[in-house]
Amino acid sequence: MAEAVVIGAGIGGLTAAAALARRGWSVTVCERAPSIEPVGSGLAIAPNALRALDTIGVGDRVRELAALQGVAGVRRASGGWLSRTSVKAAQDRYGDPIVLLLRSTVVELLADLLPPGALRLDTAVQGVDAASGRVTTDAGELRADLVVAADGIRSSTRRALFPGHPEPVYSGVTSWRFVASSRGISGQALTGAESWGRGQVFGVMPLARDEVYCYATATVPAGQGHATPEEEKAELLRRFRGWHDPIPALVDRADPARVVRSDVFYMDTPLPAFHRGRVALLGDAAHSMTPNLGQGACQAIEDAVVLAHRVGEGGPVEDALAAYTRDRLPRTTPIVQRSASINRMTRWSNPLAVTARDAVVSLAGLAGPTAALRQADAVFNWWPPEN
Ligand SMILES: Cc1cc2nc3c(=O)[nH]c(=O)nc-3n(C[C@H](O)[C@H](O)[C@H](O)COP(=O)(O)OP(=O)(O)OC[C@H]3O[C@@H](n4cnc5c(N)ncnc54)[C@H](O)[C@@H]3O)c2cc1C
């Protein structure tokens, strides 16, 4: 049986392991952390990723968890709509909605697909030999026909395979994420929306079971996180207390211990390839992006199923990985760039620039719910390879 070693048990690594196991590969997933508990936040799974998840048998289980109903779109900090679409319009256009759910739910669904014993926690990979497929971990050595490096934005595998390639750059924004109870907040106020102010963004995304996923970004230099969770919450309150309902109430409800702050970095220089020898890079290790299109994990999921398809075609692994690069580099590069350009717009704080930006977004929105969606066609209209 062909052997694959997957480095990293994030959404990309778990999907790759599940997709490879489904095709008869023996998989070992090395995860340096002691558990696969992800940050406590929500995650948007778009139609393109739902179709990819169908190929490993969990698409419908994710669809069942869809909680977002009615309208969704982009608002001003004061609450007026800049651009509006609806869940129904997305369903009609793409055959699927965008599903919002807890990140931990996705991770659990994926981990359940792994063969028993495949996941090795507390196992850090220290080095990979791309030509032979030898993987050195702190618990000994492994030999693989295929190595999947899904080791995240700070991938040490990427650094070793592409020495000198520019590191991810700071996007100019820091982010906060938290999940709060939505009990008692009227359904109308709880519309799924991202609100744009001057250099700041706040997203409100209703989840199942009376919970709501909130995220925010602000334009500040990197490395300014606070020492305590209470201070992070206080900063959020200070920044967003004048925003439209229910934002101040939701921030007020946030459990400080569940507020996650992270500076947002991304790879503005694409790699020349997503493979070297027997090693494939995927997910954030290959093409980390800003979260503005909600596609980082979705693209990792796409990568994983395309990779499994390519190595499942038979032939030398090196040739399959060259085909994987040909499939994935042109797909992901424009998505990274588009996310970055939306990120740049959300950073504007000059009142004239913000007025002009809002006018352009609302003009596009005036053409109706389908027009607002059309801009996502290139991203959402993607189908996994057959077989
Ligand atoms: C604020 C914010 C909101 C976002 N929202 C969305 C969204 O709604 N939808 C979406 O699709 N994407 C979203 N993203 C992006 C998404 O979170 C990432 O793109 C995705 O989680 C990347 O998954 P990954 O598996 O590639 O990497 P990671 O999740 O980073 O996993 C890498 C894993 O590798 C492990 N690892 C690293 N080095 C080693 C080693 N040497 N040995 C063993 N293990 C190792 C790490 O411990 C980690 O578990 C968002 C990102 C941010 C910052």
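Quick note: residue numbers are just sequence positions, from 1.
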Quiz item: Under 3.5 Å, is there a donor-acceptor pair linking the side chains of Thr105 and Glu108?
Solution: no

Practice problem: May I ask you to check whether His287 and Asp303 show a side-chain donor-acceptor distance below 3.5 Å? | Solution: yes

Exercise. Return the set of residues passing ring pair (Phe, Tyr, Trp, His ring centres under 6.0 Å) with His275 (not counting sequence neighbours), or none when no residue passes.
Key: none

Self-check item: Side chains of Ser41 and Arg258, donor plus acceptor under 3.5 Å
Solution: no

Quiz item: In terms of side-chain heavy atoms, does Ser339 have a donor or acceptor partner in Asn292 at a distance below 3.5 Å?
Solution: no

Quiz item: Do Gln295 and Arg338 have a side chain donor and acceptor closer than 3.5 Å?
Solution: no

Practice problem: Give me the ring orientation class for Phe162 and His165: parallel if the planes are under 30° apart, tilted from 30 to 60°, perpendicular past 60°. | Solution: perpendicular

Quiz item: Does any donor atom in the side chain of Tyr94 or Asn48 lie under 3.5 Å from an acceptor atom in the other side chain?
Solution: no

Quiz item: Under 30°, 30 to 60°, or over 60°: which ring-plane class applies to Phe178 and Phe202, parallel, tilted or perpendicular?
Solution: perpendicular

Exercise. Indicate whether any N or O donor in one side chain lies under 3.5 Å from an N or O acceptor in the other, for Glu235 and His226.
Key: yes

Exercise. State, without any angle test, whether Arg261 and Thr174 hold a side-chain donor-acceptor pair at a distance under 3.5 Å.
Key: yes

Self-check item: Between Ser155 and Asp151: side-chain donor-acceptor atoms closer than 3.5 Å
Solution: yes

Quiz item: For Val220, what are the other residues in its hydrophobic cluster, where any two members join if their side-chain heavy atoms are less than 4.5 angstrom apart?
Solution: Ile153, Tyr170, Phe265

Self-check item: Qualifying residues under ring pair (Phe, Tyr, Trp, His ring centres under 6.0 Å), relative to Trp243, sequence neighbours excluded
Solution: Phe240

Self-check item: Euclidean distance, Leu142 CG relative to Cys30 SG, rounded to 0.5 Å
Solution: 5.0 Å

